[in-house]
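Here is the structure we will look at.
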Protein chains: 2
Amino acid sequence: MSIRSSKITNPVVTEELAGNANGGKTRPRERIVSAACTLFRENGIRATGVEAIAEAADTNKMTLYRHFGSKDELICEALKCISDRHAAFWEKLTADFPDDSQARLLAWVELRAASLVDEPHGCDLSNAAVELKETDHPAHAVIEQVKAAQHRRLVALCADAGSRDPDLLANTLAMLLEGARVSRCASGAEGPCRQFSRACHAAIAAFRN
Amino acid sequence: MSIRSSKITNPVVTEELAGNANGGKTRPRERIVSAACTLFRENGIRATGVEAIAEAADTNKMTLYRHFGSKDELICEALKCISDRHAAFWEKLTADFPDDSQARLLAWVELRAASLVDEPHGCDLSNAAVELKETDHPAHAVIEQVKAAQHRRLVALCADAGSRDPDLLANTLAMLLEGARVSRCASGAEGPCRQFSRACHAAIAAFRN
DNA sequence: TACATTTGTTACCGATCGGTCACGTCGATG
DNA sequence: CATCGACGTGACCGATCGGTAACAAATGTA
């Protein structure tokens, strides 16, 4: 359901050079990454076996290991795929509101609030960070890098919207979003996340010029 | 370190009827729950085997299964133990600031901010909720119940402190705390959680009467 | 002392995990 | 047609998992 919207963005467009002309069927690598994203999100990373990923990708374990040296490598690749989706989200946001940066910030709140409703599993990056406690796991580098990029974009958005303290506002919004997502898992849809939008608006108003 | 403060509350007091007079050594059941709490927090729930728990508790797997019917049951019991620590935290908070409810709210912020510094693993309850995706897992009932109790206490605290909208303020503070904790795992100590305290103060000021 | 309860020890079970090997199949290219 | 690379299939490996059986040792109680 949530994977369907991403499947149309990634594979079809980028496979023209490969000249694969069969009926819309993508190559195994993309299917594996896509399936890994879905299963990791819905069942957790450790709880998802490589065989289940291969099966969901309509292929087999051997082909999976021909493309990815290990499960950890596949995990990193899946996180990078999610990072690409985040980047696409930001590009679409700036494209939809090219001039009015104030409206762009409000749209960010609204879109994130909407994602809280139909995505009950929280942030895939943060969930991975929570689940993979080994501090030397290669996924942590990917996660930190993506989170840093997101923070930079959010700070820029707050600055464009004319906040008095863009860094503080960005961090506040980041904590509110992260907290809303995780409390969606722990306390349900009727928990604190219910008032995510109002809390964001209050923060924006509090840090206005 | 954090486990030590709880060890003095639970076992010693409740074991007088058992008449165990050996040198301060607690009974296996408490040691198992305590070890489970520590290992679950430091290594994750799924990544922690029952044998490792028994070993850390200075006992063996057979004794563990004599006290707990399954690992899932032990998980629930460990979460309940953590719930007791939360309750102790709140009791101490109200005991330390019996009169000044405004100061009590500020102390809540300060204590939570301090816990962000020396506890890099976030909220054990939320982490468990994220890690255990099976919606029918018995741990979810425990988690939701504890989270609901915490929410009630936080709302009461905000109301006592004279907020205009205690429910909204409590939810905002809950999201900020939850988000600060998880972003501590995903983005490091220099991420958004760095400004948790300031964000809380701004929220409190925004919702003041 | 005699008994009952709680622990400790060891070996074991079936299942699943991540990962590999050998071989067979297919489609594209020359 | 021949070749080559990507893919599919199934069996297999060692390790680890949660959980159990059987028996010995310790412990408290009468």
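Everything quoted here is computed from the prediction, not taken from an experiment. Chain naming here is simple, since letters A, B, ... match the order of the sequence lines and numbering starts at 1 in each.
The 12-atom threshold is not exceeded at CD of Glu110(A), counting heavy atoms of other residues, nucleotides or ligands nearer than 6.0 Å. Atom CD of Glu51(A) sits in a sparse spot, with 12 or fewer heavy atoms from other residues, nucleotides or ligands closer than 6.0 Å.
In this structure, Asn60(A) places its CG atom 15 Å from P of dA6(D), rounding to the nearest Å. Nucleotide dG19(C) holds its P atom 14 Å from the CD1 atom of Ile32(A), rounded to whole Å. Per the geometry, NZ belonging to Lys61(B) stands 11 Å off C1' belonging to dT10(C), to the nearest Å. Atoms CD1 (Ile53(A)) and P (dG19(C)) sit 11 Å apart, rounded to a whole Å. Atoms CD (Glu30(A)) and C1' (dA6(D)) sit 14 Å apart, rounded to a whole Å. Atoms CZ (Arg46(A)) and P (dC17(D)) sit 11 Å apart, rounded to a whole Å. Between Arg27(A) atom CZ and dA6(D) atom C1' there is a gap of 8 Å when expressed in whole angstrom units. Rounded to whole angstrom, the span from the CD atom of Glu55(B) across to the P atom of dT16(D) amounts to 13 Å.
Salt-bridge formation is not detected for the pair Lys80(A)/Asp84(A): no Lys NZ or Arg NE/NH1/NH2 atom is positioned less than 4.0 Å from an Asp or Glu carboxylate oxygen. Looking at Asp165(A) and Arg198(B), a side-chain N of the basic residue comes within less than 4.0 Å of a carboxylate O on the acidic one, giving a salt bridge. By the 4.0 Å N-to-carboxylate-O rule, Asp160(B) lies too far from Arg153(B) to be salt-bridged with it.
In this structure, Thr59(A) does not reach the dC7(D) phosphate: none of its side-chain N or O atoms is under 4.0 Å from OP1 or OP2.
Of the residues in residues 130-138 of chain A, none lies under 4.0 Å from DNA chain D by heavy-atom distance. Within residues 64-80 of chain A, the residues that have a heavy atom under 4.0 Å from DNA chain D are, in order of number, Arg66(A), His67(A).
The cationic atom of Arg112(A) (NZ for Lys, CZ for Arg) lies less than 6.0 Å from the six-membered ring centre of Phe89(A) and within 45° of the ring axis.
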**Prompt:** Should Glu134(B) and Arg46(B) be marked as a salt bridge (charged side-chain N to carboxylate O under 4.0 Å, His left out) after you check the CA-CA gap, both sets of side-chain angles, and the distance that decides it?
**Reply:** CA-CA 12 Å; Glu134(B) 313 98 325; Arg46(B) 303 203 98 101; 3.0 Å; yes
**Step-by-step side-chain hydrogen bond (donor to acceptor under 3.5 Å, both in side chains) determination, Lys147(A) to Ser126(A)** = CA-CA 9 Å; Lys147(A) 287 290 179 185; Ser126(A) 299; 3.2 Å; yes
**Prompt:** Run the salt bridge (charged side-chain N to carboxylate O under 4.0 Å, His left out) check on Asp167(B) and Arg194(A) step by step: do they pass?
**Reply:** CA-CA 11 Å; Asp167(B) 195 63; Arg194(A) 178 178 37 114; 3.6 Å; yes
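A heavy-atom distance below 4.5 Å is found between the side chains of Arg104(B) and Leu157(B).
For the helix from dT1(C)-dA30(D) to dG30(C)-dC1(D), the rotation axes defined at the first and last 5 base pairs enclose an angle of 10°, given to the nearest 10°.
To the nearest 0.5 Å, atoms CD (Glu178(A)) and CD (Gln150(A)) are separated by 8.0 Å.
Each of dT20(D), dT9(D), dT20(C) was ranked by its minimum atom distance to the side chain of Met62(B); first place goes to dT20(D). Of the candidate nucleotides dT7(C), dG18(D), dT9(D), dT7(C) has the atom nearest to the side chain of Thr63(B).
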